[in-house]
Asker: 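Pasting a structure below so you can have a look.
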Amino acid sequence: KHIITLNTRDMKRSEEKGGCGECQTSGIANQQCENKNA
Amino acid sequence: MIHQYKLNGYNIVLDVYSASVHVTDDLAYDAIKLIDEGKSFEEAKKELAKMHQDATEEDLDDTFSDIQELTDSGKLFTKDIYEKAAGYLKKQTTVVKALCLLVAHTCNLNCSYCFASQGKFKGDEGLMTFETAKRAIDFLVENSGNRRNLEVDFFGGEPLVNFDVCKKTVEYARSIEKQHNKNFRFTLTTNGVNVTDEVIEWANKECYNVVLSLDGRKEVNDRFRVNRAGQGSYDRIVPNFQKFVEARGDKNYYMRGTFSHFNTDFTKDIFHMADDLGFTELSMEPVVTEPSSPSALTEEDLPVLYEQYEILAKDMLRREKDGKPITFYHYMIDLEHGPCVYKRVSGCGSGTEYMAVTAWGDLYPCHQFVNDPEYKLGNVFDGVDRHDLVDTFKECNVYSRPECKECWARMYCAGGCSANALHATGDIKGVYEYGCKLFRKRMECALMMKVAEAEMAQEQENEA
């Protein structure tokens, strides 16, 4: 195997299910998502 | 769009729009580079064979097969499909979910680099009354729509100069949160001078997080963080902070320092706080000041700062292996449970879902805009009257800044800080390029750490 891929969040799913706004205000990168459905 | 770089022995490829992180061998790293330059698989394969003469035909085929598989599964060379998310945000009704309460426009320290002009915000000294604070809480509840989690920061100046109002404000908010189905999260940012047993007990009961200002080594801290008589604060605040953190147990806190041109070797300050003082949750931020200031960071400082960020990342990995980890806030990325696309596009929410409230109840987009008359949004008694300004801030996102178009870090910074952009370029939709350079370096280090941690986890699994 020449490439190993780390587990990362599904961005497309986050577009479909995200945007609830319940996460903390803020860097953006270290935010924790609080929407378990997204 | 992809971003490739080598760091600490790893070949790392970030796929920007899927947020996928790949680790490759040299063969795949070069193959991806050739394809990113626009070469077809066939052309790339020929060139790769010349570059890696020891690679077998099977190696080459496997490499391109891996690349094809990742491309087909939407994890490599993905296109930007998220611009519509920015449009969605513009159309949304704005709700306010966080307030920064400037409960004290005064301070018991006199730090020369303070963006808030020693707490006065280039205006009058003053303390927020409980009536104003209470009205701010009501304003937040009234304007928060169906948002459940609401945040209130006690900020200044030095908020503990007005501790009584902080206590009463929390008491009032707690008394109404159930009836409105809200969950208040309070935070306190303090310089440590007035941290008493009573403050510690209150903060540990009520504050979700506390931000403790300390610049690191005594001589570094006491260069800027002095009292009004010009005496350094280190000897007074460090014991207070140590007591505070010890009593805090497993609750959130972090030490928040500022580094400047005078201590570009800032990792020494981080390690001092960790090794000599016992703090594990750490943050050191670059000073943002007038370029003419002697403390301002310069272009010549950049290579030194880049090296410092790398030293920090490698040292943190060593500490993790030794079972004594420390946290550096800019390296805390969560690849699996991080922010959704909307958050990545829209950023901090200043001027829309986050506002600062002055001691007199005036509203500003954030604490860094306070007392700039052009940016006064309204007040907590009569509400927001500059809806045009709110709309302008709503449009502040990664897609509104042409400079961000080709930046690989755009989905991690959301276009940067509007206040820094204003101070650097005169436009909230501008870009503070120096900050961008440091941000990108921090992201490279943070992603490298994730790769190293994944490798460590794999090694432990293999040993088991």
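Residue numbers start from 1 in every chain, and the chains themselves are labelled A, B, ... in the order their sequence lines are given, proteins ahead of strands. Nothing here was measured: the structure is a model prediction, and the numbers come from that model.
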Asker: Assess the side chains of B/Thr187 and B/Asn209: does a donor N or O sit below 3.5 Å from an acceptor N or O?
Answerer: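 Per modelled atom types, B/Thr187 and B/Asn209 side chains form no pair under 3.5 Å.
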Asker: Let me confirm one number: the CG-CD1 distance from B/Asn11 to A/Ile3, rounded to the nearest 0.5 Å.
Answerer: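 It is 11.0 Å, given to the nearest 0.5 Å.
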Asker: With a sphere of 6.0 Å drawn around CD of B/Glu459, does it hold more than 12 non-hydrogen atoms of other residues, nucleotides or ligands?
Answerer: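 Counting other residues, nucleotides and ligands, CD of B/Glu459 exceeds 12 neighbours.
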Asker: Would you call the rings of B/Phe184 and B/Phe186 parallel, tilted or perpendicular, taking 30° and 60° as the class edges?
Answerer: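 Parallel: the ring planes of B/Phe184 and B/Phe186 meet at under 30°.
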Asker: Given heavy-atom pairs under 4.5 angstrom as the criterion, report whether the side chain, backbone, both or neither of B/Thr63 touches chain A.
Answerer: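 Answer is both: backbone and side chain atoms of B/Thr63 are under 4.5 Å from chain A.
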Asker: Answer with side chain, backbone, both or neither: which region of B/Ala19 has an atom nearer than 4.5 Å to a non-hydrogen atom of chain A?
Answerer: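 Contact with chain A is through both the backbone and side chain of B/Ala19.
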Asker: Which residue out of B/Arg442, B/His22, B/Lys75, B/Glu353 racks up the most heavy-atom pairs below 4.5 Å with chain A?
Answerer: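 When all of B/Arg442, B/His22, B/Lys75, B/Glu353 are compared, B/His22 has the most.
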Asker: Is the ring pair B/His3/B/Trp408 parallel, tilted or perpendicular, if the boundaries are 30 and 60 degrees?
Answerer: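 Ring orientation, 0 to 90° scale: parallel.
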Asker: Please classify the contact of B/Val13 with chain A as side chain, backbone, both or neither, using a heavy-atom distance under 4.5 Å.
Answerer: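 Neither the backbone nor the side chain of B/Val13 comes within 4.5 Å of chain A.
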Asker: Please check if any side-chain donor atom of B/Lys182 sits under 3.5 Å from a side-chain acceptor atom of B/Ser144, or the reverse.
Answerer: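 A pair is found: one side chain offers a donor N or O, the other an acceptor, under 3.5 Å apart.
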Asker: Relative to chain A, which of B/Leu150, B/Asn146, B/Asp59, B/Ile67 shows the most heavy atom pairs under 4.5 Å?
Answerer: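 Between B/Leu150, B/Asn146, B/Asp59, B/Ile67, the count favours B/Asp59.
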Asker: Non-hydrogen atoms of chain A under 4.5 Å away: do they reach the side chain of B/Tyr17, the backbone, both or neither?
Answerer: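 The answer is the backbone of B/Tyr17.
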Asker: Could you tell me which portion of B/Glu151 (side chain, backbone, both or neither) has an atom closer than 4.5 angstrom to a non-hydrogen atom of chain A?
Answerer: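 Just the side chain, heavy atoms under 4.5 Å.
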